[in-house]
Amino acid sequence: MKINQRHDWPLTAEEAIIIQQQLASEVITSDQLTTVQHVAGVDVGFTESGSTTRAAVAVLSFPDLQLQEYTLAYRPTTFPYVPGFLSFREVPAVIEALEKLNITPDLILCDGQGIAHPRRFGIACHLGLLTDIPAIGVAKSLLVGKYDELPEQQGAWQPLVYRGETVGAVLRTRTRVKPVYVSSGHRISLPTAIDYVLRCITKYRLPETTRWADKLASNRGSILPAN
DNA sequence: GCGACAG
DNA sequence: ATCTTGTCGC
């Protein structure tokens, strides 16, 4: 798929904040999706002491969740990990991997937050805007916000509140397992996002999309080409 | 000023 | 994220 470059990649947090504030105003948190036939999972891993960023995209059919295609991209790491600026470290490589895709996904599940972010612009928002594809943030841990305890049952959830606003949901994807943090990335509402995340869950805590992407980005099973 | 802090 | 073996539990 083709992706139009909307900005240069900043080298400092100060420059990154300006970009986040500009793009955050363009994020859409209402449903604007087409029929979902393909769901993509995205993840990033690091090699060579972190100097190389490896991005993986896995496209699964929906709703049957069978792997249809995957791409990889390697790039030198140019931005450090700073909470609140994860996208500037990972998105450049992800974009490159997405451009190699033959199938254009109808929905993207990201490993990280959507609008559940200090400036309402997590990695799912960034990827959603750059690709103009509906995107959901599914994070394994909390970045910002508070929430009440939730039932142990699969499907239970509680609003994630930050500065008086509901920015996401804390969702129990499997009974008695630690919950995940779901938030809108772009072109999707929270209720719809929760629904899709649950529909991508089979027998594990994380969606099959992110499990595939994670496996590919970390090269487990030695199924990847060296480069 | 003191903590908190996606991956 | 990454460094790393065995081990407890279903």
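In this text the structure is predicted, and so the values were computed from the model without any measurement. So that the names make sense, note that chain A is the first sequence line, chain B the second, and so on, each numbered from 1.
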When Watson-Crick pairs (N1 to N3 and N6-O4 or O6-N4) and G-U wobble pairs (N1-O2 and O6-N3) count only below 3.5 Å on both distances, what is the dot-bracket string of DNA chain C, with | for other-strand pairs? ..........
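- No more than 12 heavy atoms of other residues, nucleotides or ligands sit less than 6.0 Å from atom NZ of Lys146(A).
- Side-chain atoms of Ser51(A) and Thr77(A) include no donor-acceptor pair closer than 3.5 Å.
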Extract from the structure each pairing of a protein N or O with an N or O of nucleotides 3-7 of chain B at less than 3.5 Å, listing the distance.
unit_1: dA6(B); atom_1: OP2; unit_2: Tyr81(A); atom_2: OH; d: 2.4
unit_1: dA6(B); atom_1: O3'; unit_2: Ser141(A); atom_2: OG; d: 3.3
unit_1: dA6(B); atom_1: N7; unit_2: Gly84(A); atom_2: N; d: 3.1
unit_1: dA6(B); atom_1: N6; unit_2: Gly84(A); atom_2: O; d: 3.2
unit_1: dA6(B); atom_1: N6; unit_2: Phe85(A); atom_2: N; d: 3.2
unit_1: dA6(B); atom_1: N6; unit_2: Leu86(A); atom_2: N; d: 3.1
unit_1: dA6(B); atom_1: N6; unit_2: His117(A); atom_2: NE2; d: 3.3
unit_1: dA6(B); atom_1: N1; unit_2: Ile123(A); atom_2: N; d: 3.3
unit_1: dA6(B); atom_1: N3; unit_2: Gln113(A); atom_2: N; d: 3.1
unit_1: dG7(B); atom_1: OP1; unit_2: Lys140(A); atom_2: N; d: 2.7
unit_1: dG7(B); atom_1: OP2; unit_2: Ser141(A); atom_2: OG; d: 2.6

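- Taking the six-membered ring where tryptophan is involved, the planes of Trp9(A) and His7(A) are perpendicular, since the angle between them exceeds 60° and thus also 30°.
- Arg172(A) has a carboxylate O that lies under 4.0 Å from a charged side-chain N of Glu152(A), or vice versa, which qualifies the two as a salt bridge.
- Aromatic ring pairs are classed by plane angle as parallel below 30°, tilted from 30° to 60° and perpendicular above 60°; the pair Phe79(A) and Phe85(A) is tilted.
- A salt bridge does not link Lys215(A) to Asp43(A): none of the charged nitrogens lies less than 4.0 Å from a carboxylate oxygen.
- Using a 4.0 Å cut-off between a side-chain N of Lys or Arg and a carboxylate O of Asp or Glu, Glu208(A) and Arg199(A) do not qualify as a salt bridge.
- Summarising the geometry, the separation between OH on Tyr204(A) and C1' on dC10(C) is reported as 13 Å, rounded to the nearest angstrom.
- Aromatic ring centres of His117(A) and His126(A): separated by at least 6.0 Å.
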